[in-house]
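Single-structure report; data block below.
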Amino acid sequence: MTIKLIGQSFSGPTVRVIICLKELGLPYELEPPASMQSLKDEDYIANKHPFGKMPVLFDGDFRITESRPICRYLVSKYQGKHNDTILIPNDVHKAGLVDQFISYELSYYDPPISKLLYQEKVSKRFFNKDPDPEVIKQAREEFAKVLDVYEKLLEGKEYLNGEYSLADIVHTYYAYGIITHSDLWDNRPNVKNWWNRLCSRDAIKTSLEETKSFWENNENI
């Protein structure tokens with residue numbers, strides 16, 4: 001049975017799951033919600049996501065929400081079945097470090113980058129609010145400090161865990177949304193090289209191109 005993913009190609013968390021699906025070689029159907037407002041409908045909250053969010057993944061009769069748990073589930077069930085891509089190593093220590101980096105992303109990397117994305121991509125488009133320059137400035141400063149740590153974490157490594165893993169995937173999903181702040185990566189060679197490696201992977205490259213296409217072709221949302 002085909003996996004069904006409810007979400008939008010402009011949604012960072014949805015893109016994260018799409019990249020994971022592609023890396024694992026899994027066929028899937030992307031089903032956009034009827035509208036952003038429909039996420040708050042009683043039926044959606046009761047049968048899809050209790051907090052009215054996306055993405056939601058259906059694997060047959062099994063339903064799971066939230067992008068990071070969805071990705072972990074997909075890896076646990078399907079890793080090695082359609083290709084030889086390993087996203088969570090079998091070694092318990094290496095697997096633990098993958099979770100460590102996913103926790104870093106959730107706690108430190110995501111908050112400032114989400115703030116930037118909201119100000120520059122979401123607020124005007126969906127809520128008719130002008131970006132707040134002070135919030136953008138503060139978010140850039142916060143994110144720069146985070147990337148300073150990543151610059152050290154990536155010293156002598158191609159990927160966060162040494163080898164490509166789910167830890168890297170979870171960091172890519174807001175890529176197009178923060179393209180105007182590429183200087184933050186360019187000023188940190190380890191981060192820049194890591195980023196370039198990620199963006200050269202087919203699954204990530206095609207997913208980011210789809211996200212870029214959405215933003216460029218839907219100016220009047």
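Taking a cutoff of 4.0 Å between a charged side-chain nitrogen and a carboxylate oxygen, Asp41 and Lys48 do not qualify as a salt bridge. Arg16 and Glu105 are joined by a salt bridge, as a carboxylate oxygen and a charged side-chain nitrogen come within less than 4.0 angstrom of each other.
The minimum heavy-atom distance between Thr14 and Gly7, with the atom names listed, is OG1-CA, 3.6 Å. Closest approach of Ile64 to Pro69, counting heavy atoms only: CD1-O, 3.6 Å. Residues Pro33 and Ser38 share a closest heavy-atom pair of CB-OG, 3.8 Å. Considering all non-hydrogen atoms of both residues, Pro131 and Pro133 come closest at O-CD, 3.3 Å. Scanning both residues, Ala167 and Ile102, for their nearest heavy atoms gives CA-CG1, 4.0 Å. Contact record, Pro112 with Val146: CG-CG2, 4.4 Å, taken as the closest heavy-atom pair.
Annotation: the span from Glu134 atom CD to Gln119 atom CD amounts to 10.5 Å, rounded to 0.5 Å. From Ser11, atom OG reaches atom CD1 of Ile6 across 12.5 Å, with rounding to the nearest 0.5 Å. Taking CG of Leu208 as the reference point, atom CD1 of Ile19 lies at 5.5 Å (rounded to 0.5 Å). Atoms CD and CG, on Gln79 and Leu74 in that order, are 11.0 Å from each other to the nearest 0.5 Å. Note: Asp110 CG to Leu117 CG = 9.5 Å, rounded to the nearest 0.5 Å. In this structure, NE2 in His181 is found 13.0 Å from CG in Asp186, a value given to the nearest 0.5 Å.
Between Tyr109 and Tyr150, the ring-plane angle classifies as tilted under the 30° and 60° cut-offs.
Residue pairs satisfying the salt bridge (Lys or Arg N to Asp or Glu O under 4.0 Å) criterion with at least one member in residues 76-91, sequence neighbours excluded, are listed as follows: Asp59-Lys77. The salt bridge (Lys or Arg N to Asp or Glu O under 4.0 Å) contacts involving residues 148-170 comprise Asp148-Arg188, where partners must be two or more places apart or lie in separate chains.
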CA sep, side-chain torsions, deciding dist, call: Phe143, Leu184, side chain to side chain contact (heavy atoms under 4.5 Å, CB included): CA-CA 8 Å; Phe143 195 49; Leu184 294 174; 3.8 Å; yes
I'd like to know whether Val17 forms a side chain to side chain contact (heavy atoms under 4.5 Å, CB included) with Cys71, so could you lay out the CA-CA distance, the side-chain angles of the two residues, the decisive distance to 0.1 Å, and finally the verdict. CA-CA 6 Å; Val17 176; Cys71 289; 4.2 Å; yes
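Contact annotation: the side chain of Phe51 never approaches that of Thr65 to less than 4.5 Å [non-hydrogen atoms, C-beta and beyond]. Contact annotation: the side chain of Tyr44 approaches that of Val56 to within less than 4.5 Å [non-hydrogen atoms, C-beta and beyond]. Under the 4.5 Å side-chain criterion, counting only non-hydrogen atoms from C-beta, Asp132 is not in contact with Gln138.
Scored by the side chain to side chain donor-acceptor pair (under 3.5 Å) test, Asp99 finds Arg72 as partners (sequence neighbours excluded). Scored by the salt bridge (charged side-chain N to carboxylate O under 4.0 Å, His left out) test, Lys53 finds no partners at all (sequence neighbours excluded). Shown here are the side chain to side chain contact (heavy atoms under 4.5 Å, CB included) partners of Asn196, two or more places apart in sequence or in another chain: Lys192. For Phe58, there are no ring pair (Phe, Tyr, Trp, His ring centres under 6.0 Å) partners at least two apart in sequence or on another chain. Under the side chain to side chain donor-acceptor pair (under 3.5 Å) criterion, Glu66 pairs with His49, not counting sequence neighbours. By the side chain to side chain donor-acceptor pair (under 3.5 Å) test, Glu141 pairs with Lys137, sequence neighbours left out. For Lys145, there are no salt bridge (charged side-chain N to carboxylate O under 4.0 Å, His left out) partners two or more places apart in sequence or in a different chain. In this structure Tyr104 satisfies the side chain to side chain donor-acceptor pair (under 3.5 Å) test with no other residue, sequence neighbours excluded. Remark: Phe62 engages Tyr73 in a ring pair (Phe, Tyr, Trp, His ring centres under 6.0 Å) (not counting sequence neighbours).
Note: the hydrophobic cluster containing Ile113 also contains Val149 (ILVMFWY, side chain heavy atoms under 4.5 Å, direct or indirect links). Ile86 and Leu198 are not part of a single hydrophobic cluster, where members link through side-chain heavy atoms under 4.5 Å apart. Linking ILVMFWY side-chain heavy atoms closer than 4.5 Å, directly or via other members, places Val75 and Leu97 in two distinct hydrophobic clusters.
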Less than 3.5 Å apart, which donor and acceptor atoms pair up between the side chains of residues 20-30 and the rest of the protein, not counting sequence neighbours?
residue: Lys22; atom: NZ; partner: Thr206; partner atom: OG1; Å: 3.2
residue: Lys22; atom: NZ; partner: Ser207; partner atom: OG; Å: 3.2
residue: Lys22; atom: NZ; partner: Glu210; partner atom: OE2; Å: 3.3
residue: Glu23; atom: OE1; partner: Arg201; partner atom: NH2; Å: 3.1
residue: Glu23; atom: OE2; partner: Tyr164; partner atom: OH; Å: 2.7
residue: Glu23; atom: OE2; partner: Arg201; partner atom: NE; Å: 2.8
residue: Glu23; atom: OE2; partner: Arg201; partner atom: NH2; Å: 3.4

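Results of the ring pair (Phe, Tyr, Trp, His ring centres under 6.0 Å) test with His171 over Phe101, Trp194, Trp195 single out Trp194 as the only residue that passes.
Applying the 6.0 Å contact sphere to NZ of Lys40 captures more than 12 heavy atoms from other residues, nucleotides or ligands.
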